[in-house]
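Throughout, a chain's letter reflects where its sequence line sits, starting with A, and its residues are numbered from 1. What you are looking at is a predicted structure, and each value in this text was computed from that prediction instead of being measured.
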Amino acid sequence: MARAAKAAETPKKSGKSKPNGTSLTNGPTDKAELLEFYRQMLLIRRFEERAGQLYGMGLIGGFCHLYIGQEAVAVGMQSVFKKGDEVITAYRDHGHMLACGMDPREVMAELTGRSGGSSKGKGGSMHMFSIEAGFFGGHGIVGAQVSLGTGLALANAYRQNDAVSFTYFGDGAANQGQVYESFNMAAVWKLPVIYVIENNQYAMGTAIQRSTSETELYKRGISFNIPGEAVDGMDVYAVREAAQRAVDRARRGDGPTILEMKTYRYRGHSMSDPAKYRTKEEVDEVKKTRDPIDHLKQLMARAGVSDLEVRKVDEDVKAIVLDAVEFAQTSPEPDPSELLTEVYLEA
Amino acid sequence: MTDILMPALSPTMEEGSLTKWHIKPGDDVSAGQVIAEIETDKATMEVEAVDEGKVEEILVPEGTEGVKVNTPIARLAGGGGSAARAPARSEPASSGDPEKQAPEAASTQPEGEGPAPVAARTELRDPDIPADAKMVRTTVRDALRDAMAEEMRRDPDVFLMGEEVAQYQGAYKVSRELLQEFGERRVIDTPITEHGFAGMGVGAAMAGLKPIVEFMTWNFAMQAIDQIINSAAKTLYMSGGQIKSSIVFRGPNGAASRVAAQHSQDYSAWYANVPGLKVVAPYDAADAKGLLKAAIRDPNPVVFLEHEMMYGIEFDVPDVEDYVLPIGKARVRREGSDVTITAHSRMVGLALKAAEELAAEGIEAEVVDLRTLRPLDHETVVESVKKTNRLVTVEEGWGPMGVGAEVAARVVEHAFDYLDAPPLRVHQVDAPMPYAANLEALSLPSVEKIVAAVKSVTYRD
């Protein structure tokens, strides 16, 4: 969404971020902005928890990949998004859609396969879109969205506008061939694209060390002359700062940037993944020490945001999510006639 | 008060064992807290609370096996607010059996391909060419070039990208002089990177542009087939109609000459299998021009199959303003009463030659040029067979699951009682394309093979 996060003061930080690096002693002071980040991140978390619950009740079918733990990435990136920019990602997409400002009702109703869903129930968890919100999916084939996102950037360059394509992919997709084909063309043609690698350390069940020769993924652009930056993806302010640098670069016509977001997903790859490839201690440690929402709460307390204000957001978010859940259960299934619509457009 | 329900943790799970409780009555529970462990059909998994509140009662003790999904397993007091309601198991949303959900609408589907726009094809007709229109001898190559140039002049959103399309003027010179006229913004040389640039073309199309993506040959598009099918063909549907891909993928298809198996494959049947794509395969220069212009204007992704061995052949092209032909309409190239021969692309020429030879022996063949493979104009073929009562299909690709098989199936479905002989298919032999000249010739359809097939279905052999 085109929400402009105007910080009165930005946190003092270099490009190199440490976990939860935004200073607690000299941190952000814009209460409204802190609360807005909190609202967006909490919405994603609560939404995803409910999605998990609905999945458990059999109301959501197939695959369902939750974004819990990674909220600061989508929200931080989106804070530099301008109307006309594009966002595209793979199938862990609910958080991005909410950050883009899509209606939680239509996202949840798509998960339950109902006519009120953003794809009228024909796309499901992995395939949702909103031209209005600048969200171009929601793609089920790992890596395919990178070429598509680079194509969105090609369209921006062709039209000579100043829009930027925010192209997300994970540490898993970072090993797909077409990612590098796209890097190459984006660099040769100086396309306005930000490659946001959400490195949550596990490509489904394979730890990055087991699959990837060079695990510092921000270096993946070196042979294409694409600058890369490692970012603490658990710190929304660190994400926002890096995003600002990358988006400025793209809008200036200086071409692509790679931002490697060091992040973590709390849940399994999908709902049916018991996540036996990592220890409970590892997950608990991240939850305890790096949780992006807890960190934001600390920043809010430091800035003097009152408990009352925080609780108000909690209540608002809860109401929004419960409303979405209600809608997703009462919206009717698509009419059988929908089976054959939207296969083709009338020539 | 809120009930915590036994969750399903995989698409197939119906029951599981409650192996451990981490909470007891009186405990305060917060969202995200691990409250229990359950064993599914796959593994042991943790259950996290979604609601907040004080545990009032454990309804299913730990160690219980065979707990059905959605059974209340514990009760929370206060907090509450769970709007998630347990569905009745008979509700279609939770039914895993797709057969039970097959909607009646399926029976209205015309022959396994698209809805309204396809059904409307009987109204399609070629434009009238004025009697005084000049005919200009034009190669297929130049007709394709002219089509692109005209559409690029007409619509600033149309651009061409591919390997060697700009400075080199096209590997087969199909894009000759386009760079000079339209500049490098609209005629884009790509690196050798089919998967990547096909995906970028689709991305640009999703953003509303109208790319023409040239593959040096369709053989190389195998690298890009994921983007053509998974991204271009399916996204309109998956997005509930929001995201369109007005894009043309084009280039030479089928066997060239003496380039062996990896450079000699006909992909007609592959792409014609996919809903969401349109597939066009013209024979002569006029059709190449008129259909490519239509393909560029079409709001859907179009696979445009050209033929290298046709590029240099000259045909008459009407010199009329804006010559656009309908996609989805076959053309009767030669009328006849004794047998219907269907063909597309280069095979049309062989079919016409065969028809000439057959005429000398007193057999009048009707040659139907399919022109478009999806949507397939089977009405024109069926009407022809109702007159001739016999069918021979010709295609350059392999026979199994092929274009001829589809044409024959539709004729059997719609004109079974009219057939006086089983339909016969002429196609490439069931082996990769050999290099040796004699073997290559043996592998491909030929005039002789078509003549022999016609004689067989007319019981003249």
Report task. Verify, without hydrogens or angle tests, whether A:Q145 (side chain) and A:G143 (backbone) share a donor-acceptor contact under 3.5 angstrom. Result -> yes
Treating A:N156 as the side-chain partner and A:A163 as the backbone partner, does any N or O pair qualify as donor plus acceptor under 3.5 Å?
yes
Applying a strict 4.5 Å limit to non-hydrogen atoms, the region of B:E48 in contact with chain A is side chain
Chain A shares the most heavy-atom pairs under 4.5 Å, among B:M206, B:K234, B:Q227, B:Q223, with B:Q227
Assert top hit (heavy-atom pairs under 4.5 Å, partner chain A, pool B:A31, B:G201, B:A49, B:G199) equals B:G199
Turns out that what part of B:T190 lies under 4.5 Å from chain A's heavy atoms comes down to both
The interface call for A:I68 against chain B, heavy-atom contacts under 4.5 Å, is neither
If one checks every heavy atom of A:Q160 against chain B at 4.5 Å, the contacting part turns out to be side chain
The interface call for B:M6 against chain A, heavy-atom contacts under 4.5 Å, is backbone
Flag, side chain of A:Y344 to backbone of B:P299, donor-acceptor distance under 3.5 Å
no
Just by distance, with hydrogens left out, do A:Y55 and A:R50 show a side-chain donor and acceptor under 3.5 Å apart?
no
Heaviest contributor of heavy-atom pairs below 4.5 Å to chain A, chosen from B:E46, B:M45, B:M161, is B:M45
Tell me, with the steps shown, if A:Y195 and A:T150 meet side chain to side chain contact (heavy atoms under 4.5 Å, CB included).
-> CA-CA 9 Å; A:Y195 295 112; A:T150 310; 2.8 Å; yes
Self-check item: Main-chain N/O of A:P292 paired to A:E71 side chain as donor or acceptor, under 3.5 Å
Solution: no
Whatever's closer than 4.5 Å to a heavy atom in chain A on B:P211 counts as neither
Heaviest contributor of heavy-atom pairs below 4.5 Å to chain A, chosen from B:L277, B:D157, B:I4, is B:L277
Okay, A:I131 and chain B: the region with an atom under 4.5 Å from a heavy atom over there is both
Salt-bridge criterion met for A:D284 and A:K288 (N-O under 4.0 Å): no
Worksheet item: What class does the angle between the rings of A:Y180 and A:F183 fall in, given that below 30° is parallel, 30 to 60° is tilted and above 60° is perpendicular?
Response: perpendicular
- Task: Quick one: do B:F249 and B:V202 satisfy side chain to side chain contact (heavy atoms under 4.5 Å, CB included)? Show the steps, please.
- Result: CA-CA 10 Å; B:F249 302 101; B:V202 179; 3.8 Å; yes
Notebook entry, point to check: Is the backbone N or O of B:T372 less than 3.5 Å from a side-chain atom of B:K278, with the two atoms forming a donor-acceptor pair by type?
Noted result: no
From the list A:A144, A:C64, A:G113, A:G137, the residue making the most non-hydrogen contacts under 4.5 Å with chain B is A:A144
When the 4.5 angstrom heavy-atom criterion is applied to B:R297 and chain A, the contacting part is neither
Applying a strict 4.5 Å limit to non-hydrogen atoms, the region of B:V274 in contact with chain A is backbone
Assert top hit (heavy-atom pairs under 4.5 Å, partner chain A, pool B:D226, B:D298, B:V34) equals B:D226
Review point. Cation-pi between A:R265 and A:Y67: NZ/CZ under 6.0 Å from ring centre and within 45° of the ring axis?
Key: no
Ranking A:M128, A:R46, A:E49 by heavy-atom pairs under 4.5 Å to chain B gives rank one to A:E49
Any sub-3.5 Å donor-acceptor pair from B:S239's side-chain atoms to B:L236's backbone N or O? yes
When the 4.5 angstrom heavy-atom criterion is applied to B:I192 and chain A, the contacting part is neither
Honestly, the part of B:Q242 sitting under 4.5 Å from a heavy atom of chain A is both
When the 4.5 angstrom heavy-atom criterion is applied to B:S231 and chain A, the contacting part is side chain
Looking only at A:S147, A:A155, A:P334, A:G123, most heavy-atom pairs under 4.5 Å shared with chain B are made by A:S147
- prompt: Does any N or O in the side chain of A:S119 come within less than 3.5 Å of the main-chain N or O of A:H127, such that one atom is a donor and the other an acceptor?
  reply: yes
* Donor-acceptor pair, B:T71 side chain versus B:V67 backbone, under 3.5 Å? -> no
| query | Between the side chain of A:T167 and the main-chain N/O of A:I88, is any donor-acceptor distance below 3.5 Å? | reply | no
Under a 4.5 Å heavy-atom criterion, the part of residues 268-276 of chain A in contact with chain B comprises A:M271, A:S272, A:D273, A:P274, A:K276
### Query
Just by distance, do the side chain of A:D85 and the backbone of A:S165 share a donor-acceptor pair under 3.5 Å?
no
Whatever's closer than 4.5 Å to a heavy atom in chain B on A:R45 counts as neither
